[in-house]
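One structure is given here, and the rest of the page talks about it.
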Amino acid sequence: MLKAVYSGVPGSYAEEAALQFFGGEARLLTASSFGDACAKLAAGEAERAVLPIENSTTGAISAVYDLLSRYGFSIVGEEYVRVSHCLLAKPGTELSEIREVVSHEQGLSQSADFLAEHPQWRCRPVYNTAAAAQMVAAGEDRSLAAIASRRAAECYGLEILAARINRREANYTRFVIVSRDPDFAPGSNKISILFTLPHTVGSLCRVLQLFERHGMNLVKIESRPMPERNWEYLFFLDFVTAGEGRWDALLSEVEGATQTFRFLGCYPHRALPDDTQF
């Protein structure tokens with residue numbers, strides 16, 4: 001059975017993404033961080049890694065983009081997971097008892113409006129929302145609460161003190177499925193690439209115009225600083241093609257217009273959930 005690794009523990013949104021994408025056709029492994037998940041994939045301990053890459057409320061997850069630039073992995077799929085945060089505590093705890101809240105930094109950020117209503121609480125980031133729930137369940141401190149999913153509450157026997165506390169009701173995280181080697185699934189129509197550009201006037205504009213000329217739907221562009229090269233950037237770009245084989249000529253032109261170029265993957269484009277407004 002194929003092995004897939006995700007960062008976190010059971011009850012996390014990453015586990016939910018893995019279950020949605022693979023169903024029962026993969027053995028799921030856990031990792032202590034995004035970097036640990038990538039290291040396990042690189043070492044051959046897993047054939048796939050499931051990584052969150054962007055959220056509809058808080059935007060790009062920079063650490064994952066940096067890992068994609070560091071490793072030579074291929075993106076072979078994507079999955080959207082609805083994120084509905086809850087405030088969790090030990091059974092019988094009252095809201096007035098809470099003094100500290102733990103969660104992944106994204107969970108804290110996405111629940112910022114709710115947390116602002118309780119300025120007396122200390123907020124502490126940990127590496128995963130479900131790990132935060134696990135921490136609360138394992139301890140004896142009734143003043144400690146976690147922001148995590150309803151499923152995490154069920155997994156660790158916690159009580160929901162407040163539900164749906166994220167800023168936006170339609171709050172989704174996009175996960176990418178990565179592999180050591182390319183794998184083109186039937187119906188693959190979304191392309192991810194990575195490139196750098198020379199410091200010349202209009203270099204980015206010239207690249208972007210190529211997508212219009214070829215009739216491709218550009219759906220994402222993200223820039224990240226290049227290590228050890230101040231004020232120079234890596235560009236990550238996703239686009240959707242209308243049919244197979246129509247993107248070869250485009251990629252050839254893009255490669256010719258860029259300083260360095262890397263093909264990250266071609267995979268089926270998941271339809272956005274109906275109630276999202278991107």
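Heavy-atom basis, side chains included; hydrogens, waters and symmetry copies ignored.
- By the 4.5 Å heavy-atom criterion applied to side chains, Leu88 and Glu159 are not counted as neighbours.
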Problem set entry | Verdict with supporting geometry, Tyr267 and Ser192, side chain to side chain donor-acceptor pair (under 3.5 Å) | CA-CA 9 Å; Tyr267 48 95; Ser192 294; 2.8 Å; yes

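- Comment: Arg151 does not engage Glu16 in a salt bridge, judged by the lack of any side-chain N to carboxylate O separation of less than 4.0 angstrom.
- No side-chain heavy atom of Ile147 sits less than 4.5 Å from a side-chain heavy atom of Thr129.
- For the pair Leu51 and Cys38, the minimum side-chain heavy-atom distance is below 4.5 Å.
- Using modelled atom types, one finds no donor on one side chain facing an acceptor on the other under 3.5 Å when comparing Thr241 with Asn189.
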For this session: Tell me, with the steps shown, if Glu222 and Arg224 meet salt bridge (Lys or Arg N to Asp or Glu O under 4.0 Å).
Result: CA-CA 7 Å; Glu222 188 72 33; Arg224 293 294 301 149; over 6 Å; no

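- Side-chain polar atoms of Ser109 and Thr58 form no donor-acceptor pair below 3.5 angstrom.
- Residues Ser56 and Tyr80 have side chains that never bring a donor and an acceptor to within less than 3.5 angstrom of each other.
- Between the side chains of Ser111 and Asn166, no donor-acceptor pair is found at a separation under 3.5 Å.
- We find that Arg70 and Asp66 are not joined by a salt bridge, their nearest charged nitrogen and carboxylate oxygen being 4.0 Å or further apart.
- Put simply, the side chain of Asn217 does not reach to within 4.5 Å of the side chain of Phe239, judged on heavy atoms.
- A salt bridge does not link Arg174 with Glu79: none of the charged nitrogens is closer than 4.0 Å to a carboxylate oxygen.
- No donor-acceptor contact under 3.5 angstrom links the side chains of Ser179 and Asp181, judged on distance only.
- A heavy-atom distance below 4.5 Å is not found between the side chains of Val178 and Leu67.
- Shown here for Tyr71 and Ala42, the closest heavy-atom pair between the two residues is CE2-CB, 3.8 Å.
- Under a cut-off of 6.0 angstrom, the local environment of CZ in Arg206 is crowded, with over 12 non-hydrogen atoms contributed by other residues, nucleotides or ligands.
- In this structure, a donor-acceptor pair under 3.5 Å is present between the side chains of Asn171 and Gln110.
- Side chain of Thr173 to main chain of Asn55: no donor-acceptor pair is present (N/O by atom type, distance under 3.5 Å, no hydrogens or angles).
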For this session: Quick one: do His118 and Ile98 satisfy side-chain contact (heavy atoms from CB on, under 4.5 Å)? Show the steps, please.
Result: CA-CA 10 Å; His118 305 276; Ile98 302 304; over 6 Å; no

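- The existence of a salt bridge linking Glu169 and Arg82 is confirmed by a sub-4.0 Å separation between a basic side-chain nitrogen and an acidic carboxylate oxygen.
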Exercise. Does the salt bridge (Lys or Arg N to Asp or Glu O under 4.0 Å) test come out yes or no for Arg270 and Glu78, once each step is laid out?
Worked result: CA-CA 7 Å; Arg270 287 282 205 239; Glu78 65 178 358; over 6 Å; no

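- More than 12 heavy-atom neighbours from other residues, nucleotides or ligands sit within 6.0 angstrom of CZ on Arg167.
- Counting heavy atoms from C-beta on, the side chains of Glu15 and Pro10 come closer than 4.5 Å.
- At a threshold of 4.5 Å between non-hydrogen side-chain atoms, the residues Ile193 and Phe261 count as touching.
- Val5 belongs to a hydrophobic cluster with Leu29, counting contacts under 4.5 Å between side-chain heavy atoms of Ile, Leu, Val, Met, Phe, Trp and Tyr, direct or through other members.
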Exercise. So Tyr13 and His85, ring-ring contact (aromatic ring centres under 6.0 Å, His included) or not? Walk me through it.
Worked result: CA-CA 10 Å; Tyr13 295 107; His85 293 308; 5.5 Å; yes

